[in-house]
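These figures come from a predicted structure and were not determined experimentally. Positions are given from 1, in the same order as the sequence printed here.
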Amino acid sequence: MSTISFSTRFRVMTKLLEINNNQTFCFAEGFCRSRPNVASVANSPFLQSGGYCSKTCNNPLKLSCYATLSAVVKKQPSVFDGKEAASLVGDLRSNFNTGRTKSYEWRISQLQNIVRMIDEKEKYITEALYQDLSKPELEAFLAEISNTKSSCTLAIKDLKTWMAPETVKTSVTTFPSSAQIVSEPLGVVLVISAWNFPFLLSVEPVIGAIAAGNAVVLKPSEIAPATSSLLAKLFSEYLDETSIRVIEGRVPETTALLDQKWDKIFFTGGARVGRIVMTAAAKNLTPVVLELGGKCPALVDSDVNLQVVARRIIAGKWACNNGQACIGVDYVITTEDFASKLIDAVKTELESFFGKNPLESKDLSRIVNSFHFKRLEGMLKENGVANKIVHGGQTIEDKLKISPTILVDVSEESSMMREEIFGPLLPIVTVQKIEDGIQVIRSKPKPLAAYLFTDNKELQQQFVQDVAAGGIGVNDTILHVTVKDLPFGGVGESGIGAYHGKFSYDTFSHKKGVLYRSFVGDSDIRYPPYTTKKKTVLKALLSSNIFRAILAFFGFFQDS
């Protein structure tokens with residue numbers, strides 16, 4: 001077996017320091033891109049600010065050039081290395097072992113402080129989201145701030161109920177007895193969040209971890225530096241730093257954290273990095289939750305209200321972080337006869353929502369960084385793709401803007417149809433019969449979400465039964481994730497595990513089975529020597545034949 005440490009292998013995988021002068025690797029995205037001029041790196045605001053640019057700018061170095069810097073600039077030793085990470089985890093575990101985080105009082109106080117933090121710092125949260133993504137104020141409130149606060153409010157309201165032991169039935173073989181399922185915290189957990197909803201996807205898992213009584217470390221995404229920095233500041237101001245910590249940084253810091261022994265790792269992001277996280281967790285048999293993504297389809301029948309369907313598709317695509325959402329509509333399937341009507345309706349509503357020049361709309365988020373802009377632009381420039389555009393396709397590189405773009409019947413061999421788009425491009429796939437759309441969906445990896453628009457109850461039933469997905473929305477998009485009594489999570493390549501509401505509490509808890517018995521009623525029937533009588537009675541009890549057991553006990557019946 002190789003003697004190379006996981007830490008070394010991880011750095012090689014993510015940074016590729018030995019790579020040639022034309023390409024490098026970005027940990028956060030998992031893709032290669034061109035290497036910038038060395039002089040521009042040395043003088044960039046990215047380097048001058050220690051890796052983060054405090055102002056909104058379009059310099060690709062701002063967000064996605066971490067591995068390049070490692071390759072072309074002699075880097076200062078990281079302050080947060082493996083030794084610091086081990087010390088941090090050790091301190092948190094020592095504090096957890098005192099039992100402090102297990103108390104109801106500690107949990108509820110931290111949850112209340114999160115609500116207070118959101119109420120008092122909403123303006124700063126909104127500003128950070130705009131700085132990172134140009135996220136419109138109302139979208140930031142609805143998608144991130146309000147959702148996070150409602151999750152925390154629910155946890156506060158139901159925490160005592162969640163913490164209470166659950167009584168379960170016992171069998172006759174343990175009579176007299178009682179049994180309970182007791183929830184206990186896992187211990188010290190790590191949450192690694194994503195950049196597309198950097199506040200919601202950071203704080204909501206932390207709410208579940210705190211409610212369950214854990215000590216927790218949050219590693220926000222470096223691709224959303226303004227929100228990451230704000231979270232570090234707010235957590236230190238509002239929450240108990242002896243048990244709840246934020247660690248900012250890039251590849252070295254993430255590597256140092258993943259090298260530690262955790263009781264659970266919760267990761268939100270792409271499948272490429274998800275595999276790295278799972279590999280790191282495997283060496284310590286650490287359980288993981290992986291919230292990934294995939295190509296989320298929307299199947300549209302012809303028996304629908306066209307205006308409503310168009311508006312809801314737009315809400316689940318362009319009004320959802322401009323397509324940069326794991327549950328956003330990735331592609332639409334409809335019949336050949338209906339496609340033109342659907343496209344016309346979507347065009348009309350797009351102009352109503354974002355105006356005739358959507359690139360100037362203040363209600364449309366920008367692409368997160370230059371890397372992702374180039375990636376999406378590359379999809380449009382592939383052979384045979386540009387002539388499939390029926391709406392949009394305009395770009396402004398220096399503003400990282402791409403207009404809402406609709407394409408029809410793009411080749412299945414194109415990257416747009418093979419990879420998760422994660423942007424404002426919407427391909428429409430046409431089929432002969434609407435039922436054929438289900439087979440199209442089934443031919444691809446299981447998505448995080450799947451959507452159906454129809455009034456046909458039989459088709460609804462068939463879709464729910466035959467389409468494997470993390471979650472399903474019928475006649476709407478994305479709203480299923482706001483229902484806190486529904487689990488949110490993936491299946492197959494779209495993820496492992498689930499959270500939201502009580503599911504968040506459960507995912508950070510161990511369900512411990514406890515059986516209570518007294519010393520009364522002890523019988524020698526379970527102990528050796530195993531006589532024929534004992535065997536007959538026990539077999540009758542285990543088959544729930546109480547009458548036969550009684551007869552055998554008194555000698556009126558016994559097996560031959």
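- Contact check for Lys121 versus Leu230: no side-chain heavy atoms found under the 4.5 Å cut-off.
- Residues Leu190 and Leu258 form a side-chain contact, since some pair of their non-hydrogen atoms from C-beta on lies under 4.5 Å apart.
- Between Leu218 and Ser193, the closest heavy-atom pair is CD1-OG, 4.2 Å.
- Put simply, the side chain of Glu420 never gets that close to the backbone of Asp330: no donor and acceptor are under 3.5 Å apart.
- A cation-pi contact, defined as under 6.0 Å to the ring centre and within 45° of the axis, is absent between Lys219 and Phe267.
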Report the C-alpha separation of Val217 and Val89 in whole Å, then their side-chain angles, then the decisive distance to 0.1 Å, and conclude whether the side chain to side chain contact (heavy atoms under 4.5 Å, CB included) test is met. CA-CA 9 Å; Val217 172; Val89 175; 5.7 Å; no
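- Although no hydrogens or angles enter the test, the distance criterion places no donor-acceptor pair under 3.5 Å between the side chain of Ser228 and the main chain of Ala224.
- For the pair Arg312 and Phe453, the minimum side-chain heavy-atom distance is below 4.5 Å.
- Applying the 6.0 Å contact sphere to NZ of Lys511 captures more than 12 heavy atoms from other residues, nucleotides or ligands.
- Side-chain contact of Thr101 with Asn214: a donor-acceptor pair under 3.5 Å is absent, judged by distance alone.
- Annotation: side chain of Phe488 is not in contact with side chain of Ser504 (no heavy-atom distance under 4.5 Å).
- Note on Asp522 versus Arg517: no salt bridge recorded, every NZ/NE/NH1/NH2 to OD/OE distance being 4.0 Å or above.
- Asp263 places no side-chain N or O within 3.5 Å of a backbone atom of Val189 that could act as its donor or acceptor partner.
- The 12-atom threshold is not exceeded at CZ of Phe175, counting heavy atoms of other residues, nucleotides or ligands nearer than 6.0 Å.
- By the 6.0 Å contact criterion, CZ on Arg116 is enclosed, its count of non-hydrogen atoms from other residues, nucleotides or ligands being greater than 12.
- Two residues are said to be in side-chain contact when any heavy atoms from C-beta on lie closer than 4.5 Å; Leu201 and Glu291 fail this criterion.
- At a threshold of 4.0 Å, the pair Asp91-Arg245 does not count as salt-bridged, since none of the basic side-chain nitrogens sits closer than that to a carboxylate oxygen.
- The closest side-chain heavy-atom distance from Pro445 to Lys295 is not below 4.5 Å.
- Gln439 places no side-chain N or O within donor-acceptor distance of the main-chain N or O of Glu435, the cut-off being under 3.5 Å.
- Counting all heavy atoms, side chain and backbone alike, Ile244 lies closest to Leu92 at N-CD2, 4.4 Å.
- Of the possible polar contacts, none joining the Arg250 side chain to the Glu222 backbone as a donor-acceptor pair under 3.5 Å is found.
- Side chain of Asn113 to main chain of Tyr238: a donor-acceptor pair is present (N/O by atom type, distance under 3.5 Å, no hydrogens or angles).
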Step-by-step side chain to side chain contact (heavy atoms under 4.5 Å, CB included) determination, Lys102 to Phe96: CA-CA 8 Å; Lys102 294 182 180 182; Phe96 172 79; 3.9 Å; yes
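- Phe199 approaches Glu144 most closely through the heavy-atom pair N-OE1, 3.0 Å.
- The backbone N or O of Val440 sits less than 3.5 Å from a side-chain atom of Ser443, completing a donor-acceptor pair.
- Checked by atom type, the side-chain pair Lys264/Thr286 shows no donor-acceptor distance below 3.5 Å.
- Smallest separation of non-hydrogen atoms from Thr170 and Ser178: CG2-C, 3.7 Å.
- Side-chain contact between Lys160 and Met163 is absent, with no heavy-atom pair separated by less than 4.5 Å.
- By the 6.0 Å and 45° rule, Lys444 stacks over the aromatic ring of Tyr331.
- To the nearest 0.5 Å, atoms CD (Gln460) and OG1 (Thr454) are separated by 6.0 Å.
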Between Ile434 and Leu299, does a side chain to side chain contact (heavy atoms under 4.5 Å, CB included) hold up when you go through it step by step? CA-CA 8 Å; Ile434 195 64; Leu299 180 62; 3.5 Å; yes
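- The CG atom of Asn475 sits 6.0 Å away from the CG atom of Asp455 when rounded to the nearest 0.5 Å.
- Under a cut-off of 6.0 angstrom, the local environment of CG in Asp485 is sparse, with at most 12 non-hydrogen atoms contributed by other residues, nucleotides or ligands.
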Step-by-step side chain to side chain contact (heavy atoms under 4.5 Å, CB included) determination, Lys283 to Asp259: CA-CA 9 Å; Lys283 79 177 177 180; Asp259 255 345; 2.8 Å; yes
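- Aromatic ring orientation, Phe422 versus Trp195: perpendicular (interplanar angle above 60°, classes split at 30° and 60°).
- Within 6.0 Å of atom CD in Gln461, 12 or fewer heavy atoms from other residues, nucleotides or ligands are found, so the atom counts as exposed in its surroundings.
- A distance of 10.0 Å separates CD in Gln110 from SG in Cys152, rounded to the nearest 0.5 Å.
- The CD1 atom of Ile207 lies 5.5 Å from the OG atom of Ser151; values are rounded to the nearest 0.5 Å.
- Shortest non-hydrogen contact noted between Asn284 and Lys261 is O-NZ, 3.1 Å.
- Put simply, CD1 on Ile525 and NZ on Lys534 are 8.0 Å apart, with the number rounded to the nearest 0.5 Å.
- A distance-only check finds no donor-acceptor pair linking the side chain of Trp162 to the backbone of Ser183 [under 3.5 Å].
- Put simply, the side chain of Val246 reaches to within 4.5 Å of the side chain of Pro220, judged on heavy atoms.
- Side chain of Lys135 to backbone of Asn196: a donor-acceptor contact under 3.5 angstrom is found.
- Residue Arg93 holds its CZ atom at 11.0 Å from CG of Leu88, rounded to the nearest 0.5 Å.
- Annotation: ring-ring contact (aromatic ring centres under 6.0 Å, His included) contacts of Phe266 (sequence neighbours excluded): Tyr499, Phe508.
- Here the shortest heavy-atom pairing between Ser109 and Trp106 reads OG-O, 2.8 Å.
- There is no side-chain donor-acceptor pair under 3.5 Å between Thr126 and Glu137.
- Remark: Lys502 NZ is packed, more than 12 non-hydrogen atoms of other residues, nucleotides or ligands lying under 6.0 Å away.
- Using a cut-off of 4.0 Å between Lys/Arg side-chain N and Asp/Glu carboxylate O, Lys149 and Glu122 are scored as not salt-bridged.
- Using modelled atom types, one side-chain atom of Asn321 and one backbone atom of Gln324 make a donor-acceptor pair closer than 3.5 Å.
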